[in-house]
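Read through the structure below, which is laid out as structure tokens, and then see the notes.
What you see below is based on every heavy atom in this structure, not just the backbone, and it leaves out hydrogens, waters and symmetry mates. We count ligands from 1, going down the list as the structure has it; atoms in each ligand are counted the same way.
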Amino acid sequence: MIYYTSVLVLSFLLILLAFCKFRIWKRVIQNGDTVIDATCGNGYDTLAMLKMVADKSGRGRVYGIDIQGDALKSTASLLDESVTLKEKELVKLFSICHSRMEEIVPENSPVRLVAFNLGYLPGGDKRITTVSETTQLALEAAKKILIPGGLISLVVYVGHPGGMEELETVEAFASGLSVSNWICCKFQMLNRPLAPALVLLFKREVAETQ
Ligand SMILES: C[S@@+](CC[C@H](N)C(=O)[O-])C[C@H]1O[C@@H](n2cnc3c(N)ncnc32)[C@H](O)[C@@H]1O
């Protein structure tokens, strides 16, 4: 009984986080933008991003990254079921580590969102997870390619081995960003320390003068 209640609460939390996250993305992303899904998984975020950037003239790009071929296959089939061929052409999928994201985005592309959903692939091998070292490198790469007014969005799961360390890495990275150029915040349950956290790093349009 306790197990089912926990699963129910966690599912509710995940829906709430996804709802908040998508609402915030919608305020940041515009039609025609270039965005990156740094952890495609089953493709739900890739699909949400595509819906936000695709415009009728064929502008807008989603660069989707995952180290697992199975994840990219799931993402591709979700897109096949959900979008037109023309929309699907706006998505480019890459089976590489997200620390290499700079290699796949053409130079001078205005990247407005880089999204991470850390942890393991739901329904996949739970031993394959994102890890602090490469997450740190990926955040540094995202910081370089993001345009002013852009957002780095992370959902961090702390309930699996290495998850808490990864949250600490993300928090340390965010805490080190200059206050005049970045607004960084975290949403987390206060009375459920193992619930996933949503971390949002907004790059200011114009640097704040101190
Ligand atoms: C929590 S899942 C992502 C869920 C996904 N956003 C969705 O909507 O279904 C995390 C994904 O990150 C991938 N991953 C782990 N390490 C990675 C890395 N270094 N670079 C890119 N992807 C990685 C895993 O293979 C897994 O599919």
>> Measuring from atom 16 (N) of ligand 1, which candidate in I67, I128, V155, T75 has the nearest non-hydrogen atom?
In response: I67
> Quick one: do K21 and D45 make a salt bridge, cutoff under 4.0 Å?
Replying inline: yes
>> Whether the side chain of T130 engages the backbone of G119 through a donor-acceptor N/O pair (distance < 3.5 Å, no angle test) should be reported.
In response: yes
>> How far is atom 10 (C) of ligand 1 from the closest protein heavy atom, and which atom is that?
In response: N117 O, 3.2 Å
> With only distance considered, is D45 within less than 3.5 Å of ligand 1 through an N or O on each side?
Replying inline: yes
> Who gets closest to atom 25 (O) of ligand 1 by heavy atom: L121, D66, T129, D70?
Replying inline: D66
> With side chains defined as the heavy atoms from C-beta onward, is the minimum distance between F22 and K26 less than 4.5 Å?
Replying inline: no
> Short list, please: which atoms of ligand 1 are under 4.0 Å from a heavy atom of Q68?
Replying inline: 24 (C), 25 (O)
> ligand 1 versus L118, non-hydrogen atoms closer than 4.0 Å: side chain, backbone, both, neither?
Replying inline: backbone
> Under the 3.5 angstrom rule, does the side chain of T75 hit a backbone N or O of G41 as a donor-acceptor pair?
Replying inline: yes
>> Main chain of G58, side chain of D55: is a donor-acceptor contact present, judged purely on distance under 3.5 Å?
In response: yes
>> Please list the nearest protein heavy atom to atom 20 (N) of ligand 1 with its residue and the distance rounded to 0.1 Å.
In response: H98 N, 2.9 Å
> Roughly how far, to the nearest 0.5 Å, is CZ of F202 from SG of C184?
Replying inline: 9.5 Å
> Any donor-acceptor pair under 3.5 Å linking the side chain of K203 with the backbone of N181?
Replying inline: no
>> Taking only non-hydrogen atoms of C40, do any sit less than 4.0 angstrom from ligand 1?
In response: yes
> So, is Y120 polar-close to ligand 1, with some N/O to N/O distance under 3.5 Å?
Replying inline: no
>> Please list the nearest protein heavy atom to atom 3 (C) of ligand 1 with its residue and the distance rounded to 0.1 Å.
In response: T39 O, 3.4 Å
> Quick one: does S99 get a heavy atom under 4.0 Å from ligand 1?
Replying inline: no
> Does ligand 1 have an atom under 4.0 Å from some heavy atom of I96?
Replying inline: yes
> Is there a donor-acceptor pair closer than 3.5 Å between any side-chain N or O of D37 and the backbone N or O of T46?
Replying inline: yes
> Is there a side-chain contact between F94 and M101 (heavy atoms, below 4.5 Å)?
Replying inline: no
> Of all the atoms in ligand 1, which lie at a distance below 4.0 Å from a heavy atom belonging to N42?
Replying inline: 7 (C), 9 (O)
> Relative to the heavy atoms of G119, which atoms of ligand 1 are at a distance of less than 4.0 Å?
Replying inline: 10 (C)
>> Under 4.0 Å from a heavy atom of G43: which atoms of ligand 1 are those, numbered in the order shown and with their elements?
In response: 7 (C), 9 (O)
> Which residue from C97, A48, A38 reaches closest to atom 19 (N) of ligand 1 through any of its heavy atoms?
Replying inline: C97
> For atom 15 (C) of ligand 1, what is the nearest protein heavy atom, given as residue, atom name and distance?
Replying inline: T130 CG2, 3.4 Å
>> Please determine whether a side-chain nitrogen of the Lys or Arg among R100 and E103 lies less than 4.0 Å from a carboxylate oxygen of the Asp or Glu.
In response: yes
> ligand 1 versus T46, non-hydrogen atoms closer than 4.0 Å: side chain, backbone, both, neither?
Replying inline: neither
> Does an N or O anywhere in Y157 fall below 3.5 Å from an N or O of ligand 1?
Replying inline: no
>> Ignoring hydrogens, what is the shortest heavy-atom contact between G150 and L146? Give both atom names and the distance.
In response: C-CD2, 3.5 Å
> Counting distance only, does the side-chain N/O of R204 pair as donor-acceptor with the main-chain N or O of V179 below 3.5 Å?
Replying inline: yes
